[in-house]
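These figures come from a predicted structure and were not determined experimentally.
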Amino acid sequence: MANIRTMSFDAVIVGGGGSGMRAALQLAQSGYKTAVITKVFPTRSHTVSAQGGITCAIASDDPNDQWQWHMYDTIKGSDYIGDQEAIEYMCQTGPEAIFELEHMGLPFSRTEEGRIYQRPFGGQSKDFGNGGQAARTCAAADRTGHALLHTLYQGNLKNETTFLNEWYAVDIVKNADNAVVGVVAINIETGETVYVKSKATVFATGGAGRIYASTTNAHICTGDGVGMALRAGFPVQDIEMWQFHPTGIHGAGTLVTEGCRGEGGYLINKDGERFMERYAPNAKDLAGRDVVARSMVLEILEGRGCGPDGDHVYLKLDHLGEETLNAKLPGILELSRTFAHADPVKEPIPVVPTCHYMMGGIPTNVDGQALTIDKDGNDQVIEGFYACGEAACVSVHGANRLGGNSLLDLVVFGRASGMFIEKQLREGINLKDASEADIEAAMVGLNRINTSEGGEKASVLRAELQTIMQNYFGVFRRGDFMKEGIEKLNALRPRIENVVLEDKSNAFNTARIEALELQNLFATAEATAISAEGRTESRGAHAREDFQERDDENWLCHSVYFPESKTLGKRGVNFTLKTREAFEPKIRTY
Amino acid sequence: MLNVSIYRYNPEVDSEPYMQDFKVDTQGKDVMVLDVLEKLKTEDPTLTFRRSCREGVCGSDGVNISGKNGLACITPLSEAVKGNKLVIRPLPGLPVIRDLVIDMSQFYAQYEKIQPYMINNNPAPAIERLQSPEERAKLDGLYECILCACCSTACPSFWWNPDKFIGPSGLLQAYRFLADSRDTATEERLANLDDPFSVFRCHGIMNCVQVCPKGLNPTKAIGHIRSMLIRSAT
């Protein structure tokens, strides 16, 4: 059965977005035989949609800015379950990684001095929260993700990285030692199935916002890496932590950058009141995203929402003036005119909190090595397996990510993973070859779909899944509700496993890909649901009506979801900084 | 009910392409062309097209909509429907793989030919290379290209010589690097473009400008490259 072709590489990166291409660049520069498997042409990856910028203390806006202040903000923003060692590494290494991108050609916006333009973003402060609002987010207008992704693709072209474009990774291949030795992948154009063998397999597969009905995420954000890891029996961490971005366009779900509020825009309710002044007297509209999103939902629930159904609020920008909007937020003008039929130069944009980012993911250390937890609760490295970017949980975002930190995360840890793998390859990696049976094991799911009969269509099942997640696991959560949601997921599971692929043809069969993606969406959703129900406290983005307080005694820790038993464990948060003493948890106010 | 006619071709089943007619109930809403395609795909999963961001920034869903190239996700029916009919075909001029999915290899090959990356062999400073806002402003209208291929596949010169003429998209990117104050390879870049085909097959008919979903102007960029080539020759 496993009579398929094998392709061999030193390193294989699954995912051609920001983190994947940054890792690939590092490895290609080192001369190792590197391939990127990406289900879309690399510049179509979701990093392209990032708008406002990449947060980093490069001391352009404020020559006295310090990366330690960025570290403090990030730890506070994470509601103290971000790993401090990883946050320290990201904030300290960040400037170097940003300057590399600039040297590679990234067209950042500029200050009069010719330096990189930085704008204020939510949750940013000077002097460890004591010095007022900082402006630390490096921007290329409001198209920073586009500029970054294209620059990385260009860098990879220059360094002759091998791209397997429009290939789809199906499942992980493990050897007799439970180490990862590559993936089974499909060439979408021809339908050929191949064993892509590798000494190092990096998952840079991005997020899974499509588990929700309303999301800023692209159609392709289907949790493929998380799904594959779970099917291989590996755990995921803090997967209950989903960020709802305050400003998705009402109805369409498309993102409106936090940079709008950074540039001076603000939210108003139906009475025209700038309501964030009540919820966050100091930071106002630039409080943490979790805080702003909850405030918006409360306004709506208390009858102060806008529109005929009172189901959204407004983002006001017109007072900034046409010139500023054209220079700083040109992409937002386009998006709002297209999707909200509102011209921000003249009228406010209808917005609503919308699923945006997966803080959880595959647990890793700062070198990108994927981890599992042994029976005694100790971290164990999974040989051959690495993750970075949104698919990973390193964890720099904890329970709530700060705006502008996702691009920094993917660049810094894509780079770190690449550097570490390069070192390991130089020292020599010896993993046992996969047996025929090992490869066949990674083809079970694909074979089931290829021989499916009589089930329901993927599109119908996907819509049901998204509705369940939207209704039961949204901005506010409640135990009894979530239990009901889990029951509904249990009922849905056999139907999704039995999904039918009527069209068995080979050439560019996107129906096959969607049926496979559906399995990953479900796996991610189920892990989210069980973890959310299990974390009996409110922290960061995880807000429970039945447990409204943060519970540091029991939950100042990561949740770890084990797929085989479908149970939740705990893992300690790292509080060890190299450069100073750790930041102790405080009550989080803005 | 909206009448929708879509180009269909599955190489494993069809001996030749054909147009298939559908009726779609849009409930009178001015949705995007991509919404119509998605709705049809729930009914007929064999219908094949590319899509990703659904907001006009990834460039996946360039198709020919009622005769004009554009992105399905940001083209509303009000712009696309003529006489209650919507006609969707693949972008013209490149080989069709299946339905609305084209083989973009030639398009990408032309992009790669222009060395689409920063070249500056001077030692990099410890911080960023400085660039004034005025120098940076020269990249506006250039760096925003999303490689959707709407322009190049609307260009008769590219249809005729897809292997030798760089095409509007590639040339826009060629100029993006020529215009960048940080790039030092101007002479090398111009030398690579200095032949009868790469640039000079452009006859300035401006189809590219008319269809660009990002409002960019490749013809203008090509004009700048021509001037630079002529100047460097004298």
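For the set A:A147, A:S49, A:G331, A:A140, the entry with the most heavy-atom pairs within less than 4.5 Å of chain B is A:S49. Here B:G59 is the residue among B:G56, B:P76, B:G59 with the most heavy-atom pairs under 4.5 Å with chain A. Contact count against chain B (heavy-atom pairs under 4.5 Å) is highest for A:R210 among A:K39, A:R210, A:H46, A:E96. Counting heavy-atom pairs closer than 4.5 Å to chain B, the top residue among A:E189, A:R512, A:H341 is A:E189. The candidate from B:N120, B:D30, B:I97 with the greatest count of non-hydrogen atom pairs under 4.5 Å with chain A is B:I97. Options B:C148, B:A137, B:G215, B:S60 differ in how many heavy-atom pairs under 4.5 Å they form with chain A, and the most are formed by B:S60. Most heavy-atom pairs under 4.5 Å with chain B: of the set A:A507, A:A59, A:S45, this distinction falls to A:A507. Heavy-atom pairs under 4.5 Å with chain A were tallied for B:C58, B:P116, B:C53; the largest tally goes to B:C58. Looking only at heavy-atom pairs under 4.5 Å with chain A, the residue among B:L47, B:L139, B:V101 that has the most is B:V101.
Remark: B:N121 CG is loosely packed, at most 12 non-hydrogen atoms of other residues, nucleotides or ligands lying under 6.0 Å away. The environment of NZ in B:K113 is crowded: more than 12 heavy-atom neighbours from other residues, nucleotides or ligands sit within 6.0 Å. Under a cut-off of 6.0 angstrom, the local environment of NZ in B:K220 is sparse, with at most 12 non-hydrogen atoms contributed by other residues, nucleotides or ligands.
In this structure, chain A has a heavy atom under 4.5 Å from the backbone of B:A126, while its side chain stays farther away. Within the 4.5 angstrom heavy-atom criterion, only backbone atoms of A:N217 (N, CA, C, O) approach chain B. Interface remark: B:P125 contributes backbone and side-chain atoms alike to the contact with chain A (heavy atom separation under 4.5 Å). For B:E128, the parts sitting under 4.5 Å from any heavy atom of chain A are the backbone and the side chain alike. For B:I127, the parts lying near chain A are the backbone and the side chain together; criterion is any non-hydrogen pair under 4.5 Å. If you measure heavy-atom distances from B:Y111 to chain A, the contacts under 4.5 Å come from the side chain alone. Proximity to chain A is limited to the side chain of B:N10, based on heavy atoms less than 4.5 angstrom apart. Contacts between A:L106 and chain B at a heavy-atom distance below 4.5 Å involve the backbone alone (N, CA, C, O). For B:P11, the part lying under 4.5 angstrom from a heavy atom of chain A is the side chain only. Heavy-atom distances place both the backbone and the side chain of B:V57 under 4.5 Å from chain A. For A:A252, the part sitting under 4.5 Å from any heavy atom of chain B is the backbone (N, CA, C, O) and nothing else. Heavy atoms closer than 4.5 Å to chain A are found in both the backbone and the side chain of B:R54.
The heavy-atom pair separating B:E55 from A:L255 by the smallest distance is OE1-N, 3.9 Å. Closest of all the heavy-atom pairs between B:L147 and A:T43 is CD1-OG1, 4.1 Å. Counting all heavy atoms, side chain and backbone alike, B:Y143 lies closest to A:A141 at OH-CB, 3.8 Å. Residues A:I220 and B:R51 approach most closely at CG2-O, 4.2 Å, considering heavy atoms.
For A:K158 (side chain) and B:Q115 (main-chain N/O), no donor-acceptor pair under 3.5 Å exists by modelled atom type. Side chain of A:R44 to main chain of B:I146: a donor-acceptor pair is present (N/O by atom type, distance under 3.5 Å, no hydrogens or angles). The main-chain N or O of A:H103 is never found under 3.5 Å from a side-chain atom of B:R182 such that the two would form a donor-acceptor pair.
Inter-residue side-chain proximity for A:E102 and B:Q131 is flagged as unmet; no heavy-atom pair is nearer than 4.5 Å. Annotation: side chain of B:F177 is in contact with side chain of A:Q154 (closest heavy-atom distance under 4.5 Å). By the 4.5 Å heavy-atom criterion applied to side chains, B:P45 and A:K457 are counted as neighbours. For the pair B:R50 and A:F41, the minimum side-chain heavy-atom distance is 4.5 Å or more.
Rounding to the nearest 0.5 Å places CZ of A:F508 at 8.0 Å from OG1 of B:T48. With rounding to the nearest 0.5 Å, the separation of CG in A:L335 from CD1 in B:I74 is 8.5 Å. Distance check: B:E144 CD to A:E334 CD gives 9.0 Å after rounding to the nearest 0.5 Å. Remark: B:Y117 OH to A:N156 CG distance equals 12.0 Å, nearest 0.5 Å. Taking CD from B:E12 and NZ from A:K504, the interatomic distance works out to 13.0 Å, rounded to the nearest 0.5 Å.
Contact residues of residues 107-118 of chain A toward chain B are A:P107, A:F108, A:S109, A:R110, A:T111, A:E112, A:E113, A:G114, A:R115, A:I116 (heavy-atom distance under 4.5 Å).
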Residue pair A:S505, B:R98: steps toward the side chain to side chain donor-acceptor pair (under 3.5 Å) verdict: CA-CA 11 Å; A:S505 64; B:R98 177 171 177 174; 3.0 Å; yes

